[in-house]
Structure formats: C-alpha cells, structure tokens
K.L.:
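Supplied in structure tokens, the structure appears directly below.
Values in this document were obtained by computation on a predicted structure and should not be read as measured data. What you see below is based on every heavy atom in this structure, not just the backbone, and it leaves out hydrogens, waters and symmetry mates. Numbers here are sequence positions counted from 1.
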Amino acid sequence: MITTDSQLKRHVGFWGLLWTSVGSIIGSGWLFGALVAATVAGPSALIGWVLASGIVILLALVHAELAGLFPVSGGTSRFPHYAFGNFAGMTFGWASYLQAAATAPIEVLAAIQYMSTTSWGHGLYNASGTLTHQGMLVATGLMLCFVILNLIGIRWLSRANSAITVWKVLIPVGTVVVLLATHFHPGNFTAGGGFFVHDGGAIHAILVSLPTGGIVFALLGFEQATQLGGEAKNPGRDLPRAVITSILIGAALYTLLQFAFIGSLDPKLLVEHTWTGLGAGSTDPAVVALNAGPFYAIASVAGLAWIAFILRLDAVVSPFGSGLIYLTTSSRISHAMARNGSIPEQFERTSRRTLVPVFGVLFSTAIGLLFLLPFPSWSKLVGIVTSASVLMYASAPLALGALRKSKPDLPRVYRLPAAGVLAPLAFVCATWIMYWSGWQTLTTLMAAMLVGYALIAFSYAFKLNPAATKVEWRAALWIGPYLLGMLVISYFGGFGAGGIIGGVGPFNDVLADGGNNALGLVGGLVASAAWSLVVYRLAVALRLPEEAVDRAVEGVDPGPAGEEAPPVPERVLVTSPA
C-alpha cells in the first residue's frame with residue numbers, strides 16, 4: 001500500500017510546462033555554444049545548428065505522442081519501460097538520470113566561468129579550466145540554492161522558473177538585436193579561414209560540431225515537460241504543445257545567436273587567428289577573454305558597456321535557471337525508477353508537506369557535486385552529457401514503434417504522422433549523434449552505463465525495493481547488441497580518435513587506435529544507420545505483449561481537464577507476463 005508520501009500532486013499548467021522546457025533549453029548553451037561550435041566548424045557551424053534543430057525537432061515530435069499517452073513523472077525514463085519491460089526502463093532511465101544529474105553542475109560551472117571575468121572572480125577559476133577551492137565553495141553554494149528551491153515544492157518551483165525563464169529569453173533576444181544593429185561585420189563569414197575552415201573536411205567538421213561543439217547540448221531540454229507529466233494539470237492537452245513549442249523557440253533563438261556571434265566578432269581577431277585558433281589553449285589575452293565569456297567579450301570590445309553588464313548578470317541567472325530545473329528533473333527520474341522497482345525505495349518517498357522526493361533531491365545534489373571536482377571546462381564536459389541525453393532520446397522512437405504495434409487503439413492526443421518512416425529515422429539520427437561524439441566519448445558513456453548497471457544490481461541483490469520485479473530480459477535482448485555494435489562501429493569510425501574514456505591518465509594508451517577512420521566518412525554513416533535500422537526492427541519484434549503493456553497503462557491517470565487531478569495512483573509497473 002502506497003502512502004501519500006509517494007504521490008505527486010498535479011499543479012503545473014501549460015505555461016509552467018512550456019517554461020520548464022524552454023528554461024532548460026536556454027541555459028549555458030547560449031553563453032558558450034556559439035563560440036565552441038565556431039572553433040570546430042567556423043561559420044559553417046550555422047549549418048550544424050540547422051541540422052541539429054531538424055533532428056531534435058523530429059525527436060521532440062516522437063516525445064509529443066508518448067507524452068500525451070503517458071503523462072507521468074519521469075516520463076522519458078518510463079516510455080521504454082512500458083514498451084520493453086523493466087530492464088529497458090532501467091537502462092534508459094539511468095541514461096536519463098546521468099544526463100540530468102550531470103547537467104546541473106555543468107550549468108554551475110558555466111556561471112562561475114563567466115564570473116571569472118570580473119575583478120573579484122579571478123580566483124574562482126584556474127587558467128587550466130578547473131575550479132579553485134574558492135570556486136568550489138561558490139559552486140557548492142549554488143547547488144544548495146537548487147536544493148532549497150526544490151524542497152519548497154513544485155508549485156513554487158514552477159512559479160520561480162517561469163519568472164527566471166522570461167528573463168532568460170529576453171536577454172539573448174535583446175543581444176541578437178543589439179549586436180546585429182550596431183556591430184555586424186559581413187566579412188567575418190569568409191574571414192579566418194573561410195566559411196568552411198577545413199578544406200576537404202568541411203562535412204566532418206560540421207558533424208563533429210553537433211555533439212562536441214555544444215550544438216546538440218544547447219538544444220537539449222525539450223523533454224523536461226514530460227518529466228513533470230505526473231504533476232501536470234491537463235497532460236493530454238498540454239504536454240505535446242509544450243514539447244513542440246519549446247524546441248521551435250530554442251531552435252530559432254540559437255541559430256540567430258550563432259549568426260550574430262559570427263557577424264559581431266572583432267575582425268582583428270580573425271586577421272590574427274583562424275576560427276579554429278580561437279579555442280581554449282591560446283595565450284593571446286583577447287582569445288583568453290573570449291573563451292571566459294564569449295558574448296561579454298564581444299560587447300566589451302564593441303564598447304557596449306551596458307549590455308556587457310547585463311550579459312555578465314545573465315551568465316549567472318540563465319545557467320542558474322537551467323541547473324535548478326535539471327536538479328528537479330533528476331530527482332523525478334529517480335522517483336520514477338524507484339516506483340518501477342529499479343533502485344532503492346527511498347528515492348520514491350516524498351515529503352508529506354510538499355510532496356517532493358526529498359531523498360532524490362539530496363542524492364542528485366551529491367552526485368552533481370562530484371562533477372564539480374577537478375574536471376575539464378564547460379566545452380569538454382558537454383560531449384558525455386550530450387551522448388547520455390541522445391541515448392535517452394533514442395529509446396523514444398523505439399518505444400513509439402513498439403507501442404504502435406502492441407497498443408494501436410490507445411487514444412493519442414497527438415499522433416506522429418508517417419510514424420513508420422519518421423520513428424526509424426529519428427532513431428537513426430539519435431544513433432548518428434552518438435557516433436559523431438567519437439570513440440573517446442562513447443567509451444566514457446559505456447563506462448558510466450556499467451556503473452548504473454552495477455548500482456541496479458546492488459539494489460536487486462540486497463532487496464532494497466520491495467517493488468522490484470523479475471527482470472524482463474526477452475523484450476530487451478536488443479540493448480546489448482545495439483551498444484556493443486555502436487562501440488565496434490565507433491572504433492573503426494573517424495570520430496574521437498585516441499584512448500578510451502577520454503584518454504585520461506591510465507587510459508591514454510588503452511585501445512588508442514580507436515576512431516581510426518577505417519570505414520571512412522560515408523562508410524561510417526552507412527554502417528551506423530544500417531545497424532540502427534536492424535536494431536529498430538529487432539526491438540519492435542521483441543516488444544512486450546499487449547497484456548503486459550495493459551498492466552502499465554492502467555496505472556496512468558491523465559487527470560481531468562481544467563481541474564487538479566487526483567494524485568498519481570499505485571505504482572506504474574510492467575511485470576513479466578504470466
């Protein structure tokens with residue numbers, strides 16, 4: 001019997017859901033993404049933003065159908081559970097948790113990196129790209145602020161985030177307008193090595209910029225509305241609209257920001273350096289200042305002191321809002337995984353007063369603080385978070401394809417058109433982004449996934465959750481081959497050459513010939529796409545039978561329109577078929 005401690009209340013309307021996603025999309029990505037992408041691909045990074053926007057919009061449309069079907073908290077981690085059983089739910093739930101828990105500290109790191117541009121903030125950040133002891137104290141303080149706001153309760157969190165998000169939207173929009181109107185240099189698009197800075201490797205550079213240049217990372221967050229599905233007032237109507245609208249807003253804004261950044265950069269820098277020479281590691285003081293705060297540096301050089309001040313202020317507010325939401329999300333994902341019996345039941349328990357999963361919030365904060373230990377700079381951390389996020393997203397097209405077969409008659413408030421083509425295409429695109437992240441990043445992600453499997457096995461071995469059910473292996477038999485196949489293709493692919501797990505320390509020489517480009521650019525793309533389609537067909541064929549899906553669907557209550565719905569009912573579980 002579940003007490004009200006494990007129940008969540010439905011307080012969040014359409015605008016709260018929309019601002020949750022928009023607030024997650026517009027975070028530190030706008031502060032650093034334009035520079036990092038330009039140092040990878042030059043002005044052709046604009047093509048990367050358009051390509052990434054198309055891919056993410058496709059994934060968002062898939063999520064819109066599933067969010068309307070299953071309006072539950074931690075929705076992204078539950079979709080594969082409903083379609084393929086608890087082992088699939090554990091796998092993609094852990095990937096979802098990993099990206100959410102890691103993103104909050106990355107946002108804090110971004111804020112402190114911008115703070116280091118002040119006279120009083122120089123001692124917060126090392127030139128090597130790590131936090132100083134003082135920086136660690138400030139970062140810990142910001143993380144504790146996230147905890148306090150989360151523990152107040154979701155209603156207050158939604159209101160606070162809406163106010164923060166209005167600010168977060170207005171500042172980058174205003175920045176684009178001012179820079180284009182006052183300091184736009186059309187010649188920048190052909191300077192510094194030209195529009196395509198890599199002769200013969202332009203396409204490769206554009207593809208690399210998506211996962212490692214911060215482009216996909218910047219666009220992440222549209223699914224945050226689905227994570228709060230169990231707390232939405234009218235999820236059937238509001239969730240699809242919030243998901244689709246948020247990504248359209250984010251895609252348009254980020255493309256304009258990249259255009260404005262390229263056009264407003266001081267032309268003198270491009271005379272002295274190529275685009276690829278503007279990254280971290282340069283000893284030129286102007287380039288060092290640019291990397292510490294890209295848009296702030298541009299505004300300062302242009303003599304726009306007033307907008308430089310606002311940008312520096314926004315560099316704290318914007319990441320703070322995103323970090324706040326991602327801490328919320330990670331606690332809701334662990335709440336969902338506990339309800340499914342995957343991890344200890346402590347993660348499911350909520351405060352009687354606020355109905356917030358307190359243990360989940362505190363645990364996510366502790367995990368986040370680990371990411372604030374001496375790790376690389378913002379630009380070096382986005383690859384692993386992007387890969388974990390895209391692995392999480394990759395489960396949605398598979399779940400949609402399976403549920404279209406097993407439960408074709410379920411009412412869908414939004415129905416993805418041409419799902420037979422678009423769902424497999426979305427899965428291929430998600431696989432490509434992981435492939436483009438490279439051998440070093442992909443092996444790091446696989447190591448992190450093994451840690452998750454070990455934690456789940458520990459919970460099962462010591463019976464830490466009475467809701468744990470028999471592991472459903474058959475419907476998830478495609479997961480192992482998919483991940484191993486991706487490692488093999490990445491090893492022979494042309495992205496991220498070097499030792500495994502980032503080539504750090506003792507791993508520098510371990511399988512250091514990975515990413516050797518034996519397949520070539522076209523061969524790698526074809527191989528990864530073909531393997532994705534094989535896995536897609538296999539996963540749909542191995543899906544849970546209809547009666548097993550029914551047991552999960554019966555526990556989902558979308559709530560009446562315009563009213564506060566009753567708390568989420570009994571645990572939503574998929575058990576092995578009798």
K.L.:
Check whether any side-chain heavy atom of Tyr435 lies under 4.5 Å from a side-chain heavy atom of Val390, and answer yes or no.
P.N.:
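No, side chains not in contact.
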K.L.:
I want to check something: taking the side chain as every heavy atom from C-beta on, are Leu416 and Arg404 in contact at a cut-off of under 4.5 Å?
P.N.:
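When only atoms from C-beta onward are counted, Arg404 and Leu416 do touch, with a gap below 4.5 Å.
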K.L.:
What is the ring orientation for Phe261 with Phe295, classed by angle as parallel under 30°, tilted 30 to 60°, or perpendicular over 60°?
P.N.:
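Geometry flag for Phe295 against Phe261: perpendicular rings.
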K.L.:
Whether the side chain of Glu272 engages the backbone of Leu269 through a donor-acceptor N/O pair (distance < 3.5 Å, no angle test) should be reported.
P.N.:
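No; zero donor-acceptor contacts below 3.5 Å.
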K.L.:
Please tell me whether Tyr453 and Phe87 form a close aromatic pair, meaning their ring centres lie under 6.0 Å apart.
P.N.:
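Judged by ring-centre distance (under 6.0 Å), Tyr453 and Phe87 do meet the cut-off.
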K.L.:
A side-chain contact here means heavy atoms from C-beta on lying under 4.5 Å apart; do Thr276 and His198 qualify?
P.N.:
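Sidechains of His198 and Thr276: in contact.
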K.L.:
Between CG of Leu487 and OG of Ser490, what distance do you get to the nearest 0.5 Å?
P.N.:
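Output value for this atom pair is 7.0 Å.
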K.L.:
Working note: Lys407 + Glu546, criterion salt bridge (charged side-chain N to carboxylate O under 4.0 Å, His left out); need CA distance, chi angles, decisive distance, verdict.
P.N.:
CA-CA 7 Å; Lys407 300 299 295 182; Glu546 182 177 0; 3.3 Å; yes
K.L.:
Among Ser209, Pro211, Ser387, which residue satisfies the side-chain contact (heavy atoms from CB on, under 4.5 Å) criterion with Trp436?
P.N.:
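Going through the options one by one, the only one that passes is Pro211.
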K.L.:
Parallel, tilted or perpendicular for His63 and Tyr393, by the 30°/60° rule?
P.N.:
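Perpendicular, since the angle between the ring planes exceeds 60°.
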K.L.:
Say whether, by atom type as modelled, one donor and one acceptor occur between the side chain of Thr39 and the main chain of Val36 under 3.5 angstrom.
P.N.:
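Yes, Thr39 side chain to Val36 backbone: donor-acceptor pair under 3.5 Å.
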K.L.:
Using side-chain heavy atoms (C-beta onward) and a distance below 4.5 Å, is Ile298 in contact with Asp266?
P.N.:
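Side-chain contact under 4.5 Å: no.
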K.L.:
For residues Phe189 and Phe259, establish whether the separation of their ring centroids is below 6.0 Å.
P.N.:
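Yes, the ring centres sit under 6.0 Å apart.
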K.L.:
Would you say the ring centroid of Phe92 lies under 6.0 angstrom from that of His81?
P.N.:
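Between His81 and Phe92, which both carry aromatic rings, the centre distance is not below 6.0 Å.
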K.L.:
Could you state the interatomic distance from CD1 (Ile479) to CG (Leu391), rounded to the nearest 0.5 Å?
P.N.:
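CG of Leu391 is found 9.0 Å from CD1 of Ile479.
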K.L.:
Ring centroids only, cut at 6.0 angstrom: are Trp439 and Tyr491 within range, meaning strictly under it?
P.N.:
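Under 6.0 Å, so yes.
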K.L.:
If we ignore angles and hydrogens, is there a donor and acceptor under 3.5 Å between the side chains of Ser53 and Tyr254?
P.N.:
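Distance-only check fails for Ser53 and Tyr254.
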